[in-house]
S.K.: 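One structure is given below, represented as structure tokens, and several questions about it will come after.
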Amino acid sequence: MREPLAAPARLPYREAMLGFLAFLLILWLVLAILGFVIKGLLWLAFIGIVLVIATAAYGWVKRKAQGR
């Protein structure tokens, strides 16, 4: 008889979430920089800055909550 195949390794939820938040932070920073570089898209810079702050705050709160 054949042995059953092992389930694929999955990242723990916490590591996956932190990776996703890091991706979002980088994406928001790129949008903010593009907004400052292209003067017509200055509104994009402000949205990017707000999203960076919101994502960082959300990640910090989630990390603190999981640490308890």
Side-chain angles (χ1 to χ4, degrees):
M1 287 194 156
R2 297 181 124 186
E3 292 184 34
L5 296 174
R10 297 182 68 182
L11 285 175
Y13 175 77
R14 183 176 181 176
E15 289 178 15
M17 181 59 90
L18 288 177
F20 180 66
L21 287 175
F23 169 75
L24 285 179
L25 282 171
I26 292 168
L27 180 65
W28 303 148
L29 284 172
V30 167
L31 289 176
I33 291 169
L34 280 176
F36 281 118
V37 170
I38 303 170
K39 292 184 181 184
L41 297 177
L42 191 58
W43 59 270
L44 187 61
F46 294 122
I47 291 173
I49 290 170
V50 169
L51 291 174
V52 164
I53 293 169
T55 304
Y58 178 77
W60 184 73
V61 168
K62 289 294 267 184
R63 188 172 177 195
K64 287 289 187 181
Q66 289 179 353
R68 290 183 182 176

S.K.: According to a hydrophobic-cluster definition based on side-chain heavy atoms being under 4.5 Å apart (Ile, Leu, Val, Met, Phe, Trp, Tyr only), do Ile47 and Ile33 belong together?
M.R.: yes
S.K.: Going hydrophobic residue to hydrophobic residue with side-chain gaps under 4.5 angstrom, can you get from Val37 over to Val52?
M.R.: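 Val37 and Val52: one cluster.
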S.K.: Does Phe20 belong to the same Ile/Leu/Val/Met/Phe/Trp/Tyr cluster as Leu25, with side-chain heavy atoms less than 4.5 Å apart forming each link?
M.R.: yes
S.K.: Hey, which of Leu51, Ile49, Val50, Thr55 is the one that makes side-chain contact (heavy atoms from CB on, under 4.5 Å) with Ile53?
M.R.: Ile49
S.K.: How long is the gap from CG on Leu29 to CG on Leu34, to the nearest 0.5 Å?
M.R.: 11.0 Å
